[in-house]
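One structure is given below, encoded as structure tokens.
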Protein chains: 2
Amino acid sequence: MNLSASISGLPCGQQMPYLQLLNKEQIELLQRNSNVVSYNKKDIVFRQNTRTSHIMLMVSGLVKIFKEGRSERTVLLRLATPGEYIGMMSVMGDQIHQYSATAVELADICFIDINAYRNVLMENGKFSLQLMNLISKDGLFIFNRLMNQTHKQLPGRIADVLLYFAEQIYKQPHFDLPLTRRELAELAGTTKESFIRTLTEFKNDKIIYLDGSRVEIISMDIVKTLSELG
Amino acid sequence: MNLSASISGLPCGQQMPYLQLLNKEQIELLQRNSNVVSYNKKDIVFRQNTRTSHIMLMVSGLVKIFKEGRSERTVLLRLATPGEYIGMMSVMGDQIHQYSATAVELADICFIDINAYRNVLMENGKFSLQLMNLISKDGLFIFNRLMNQTHKQLPGRIADVLLYFAEQIYKQPHFDLPLTRRELAELAGTTKESFIRTLTEFKNDKIIYLDGSRVEIISMDIVKTLSELG
DNA sequence: CTATTGAGATGATATATATCATCTCGCTTT
DNA sequence: AAAGCGAGATGATATATATCATCTCAATAG
């Protein structure tokens with residue numbers, strides 16, 4: 001855990017999904033066994049191949065989840081936003097983190113003791129089923145992203161990245177990219193150079209407005225078509 | 001559901017994972033609400049984009065799970081063997097099958113009523129946690145496969161396919177491939193031609209013995225090295 | 001205040017692998 | 001028995017994108 005991360009006594013508050021399915025005792029149990037940790041930009045939250053220690057829930061900020069391979073090859077799987085669990089699949093799977101996470105911007109993350117959480121799961125079937133639903137959806141999502149990477153070519157993948165920010169992260173067609181070109185390339189499954197080139201083409205073709213990290217999608221239709229045609 | 005599939009009255013028997021965590025009533029509830037269906041080679045078990053209807057558990061045989069894209073592009077995700085659930089992530093996720101499944105060889109599959117199964121999950125926390133563990137592992141597995149496809153080049157991916165059969169499916173270095181070259185290519189994320197070429201190179205380099213569908217891995221070390229180097 | 005570093009950008013070139021075109025062989029169909 | 005068909009195999013060619021090489025510019029460091 002990074003030294004610059006600071007521990008605050010705040011409870012996890014309202015960010016936990018399906019909180020309404022828990023009773024008072026269960027909520028209190030979780031709150032007694034959780035605390036919020038703040039991470040500065042670029043701080044490491046957890047590292048691939050380390051043991052899982054807590055359930056982690058995003059309270060605020062933005063965190064990138066990525067898989068690091070030998071020799072620089074890293075794949076950016078997704079960005080996590082407030083209200084999302086991170087590393088849940090590894091916690092529930094084989095207890096070893098299968099990917100790493102670092103803060104993209106100032107982020108507060110709620111750490112919940114695994115045993116307390118498991119106890120709640122054990123005695124609350126509805127909550128448990130909903131968590132299963134979340135894990136499954138999360139799996140299917142990353143899944144689709146990787147499938148697209150494998151079988152779409154560049155323009156389609158770049159379009160996917162733009163749609164990801166517009167639809168999933170910022171929920172509007174104008175936004176500032178929170179990542180470097182290199183990271184964006186890792187998200188699209190390509191190289192920095194190829195990413196830049198293709199994005200520049202989009203700009204020249206007036207599909208998007210582009211200035212530094214500022215992006216404005218001019219023709220959402222064309223972006224969607226590019227994504228669909230692959 | 002395919003016409004040539006025949007329904008037998010047999011219960012799912014001993015194939016269900018973590019059966020020992022269930023009590024007598026729970027086992028009986030599941031057995032009353034399940035039946036085994038047989039599928040012949042090439043029969044469709046379920047089709048992508050259809051609604052999920054049952055929990056499905058492999059009793060015997062071999063089934064391929066794949067994603068079909070427009071224009072022939074299909075990706076073979078994995079093969080399912082006895083004791084494995086199929087389509088579980090979709091059932092627990094958004095209730096729409098995200099991929100298709102067909103029998104590769106004669107297969108018996110146990111269909112369990114979703115509601116009965118959910119009831120058991122709701123009242124049995126330990127069983128529920130184990131299922132979460134299975135779903136998570138399944139997700140992590142397919143992840144790794146797709147990641148490898150995205151970031152390894154051909155020889156590494158072909159080596160992965162050989163290791164998949166040797167280690168996961170048949171658990172021995174000599175086996176008969178149950179799939180056509182085209183399907184194997186879909187499993188490796190490449191084309192039939194490229195797959196054949198690379199496999200032939202392996203043969204010429206005496207890394208494997210190859211005759212039709214018969215494969216014998218001569219140098220497991222080299223195959224593993226190829227897989228690791230990507 | 002100069003020097004260094006890293007991000008962004010763009011052109012030239014290399015290369016892995018897809019695509020296209022055949023050919024054979026065994027099997028099913030008529 | 002002839003004809004058609006799909007799987008496997010192999011060569012020739014095309015092409016998307018990675019790689020390598022520069023250049024600029026702004027930010028950070030000494």
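Below, each value reflects all heavy atoms present in this structure, side chains not excepted, and no hydrogens, waters or symmetry copies. By convention in this document, chain letters (A, B, ...) are assigned in the order of the sequence lines, proteins followed by strands, and residues within each chain are numbered from 1. None of the values given here were measured: they were computed from a predicted structure.
Distance, B:Leu229 CG to C:dA16 C1': 17 Å, rounded to whole Å. As rounded to whole Å, 12 Å separates atom P of D:dA18 from atom CD of B:Gln153. If you take CZ of A:Phe202 and P of C:dA9, they are 15 Å apart, rounded to a whole angstrom. Atom CD in B:Glu186 sits about 15 Å away from atom C1' in C:dA18, given to the nearest Å. When the P atom of C:dT19 is taken as reference, atom CG of B:Leu154 falls 12 Å away, rounded to whole Å. In this structure, CG of A:Leu210 is placed 14 Å from C1' of C:dA7, rounded to the nearest angstrom. Nucleotide C:dT17 holds its P atom 13 Å from the NZ atom of B:Lys152, rounded to whole Å. Rounded to an integer number of Å, the gap from CD of B:Glu201 to P of D:dG11 is 11 Å.
Look at A:Lys224 and A:Glu167 and you find a salt bridge, because one of the NZ, NE, NH1 or NH2 atoms lies within 4.0 Å of a carboxylate O, short of that distance. Ion pairing of A:Asp138 with A:Arg78 is present here, as a side-chain N (NZ or NE/NH1/NH2) and a carboxylate O approach within less than 4.0 Å. Between B:Arg214 and B:Glu216 there is a salt bridge, since at least one side-chain N of the basic residue sits less than 4.0 Å from a carboxylate O of the acidic one. Ion pair B:Arg47/B:Glu68 flagged as a salt bridge, since at least one NZ, NE, NH1 or NH2 atom sits closer than 4.0 Å to an Asp/Glu carboxylate oxygen.
Contacts between residues 188-199 of chain A and DNA chain C, counted as heavy-atom distances below 4.0 Å, involve A:Glu193, A:Ile196, A:Arg197.
Remark: B:Lys64 qualifies as a cation-pi partner of B:Phe66 under the 6.0 Å distance and 45° angle criteria applied to the six-membered ring.
With C:dG8, D:dA9, C:dT17 as the candidates, the nucleotide lying closest to the side chain of B:Arg157 is C:dT17.
A side chain to side chain contact (heavy atoms under 4.5 Å, CB included) with B:Met58 is found for exactly one of B:Asp108, B:Thr81, B:Ile86, namely B:Ile86.
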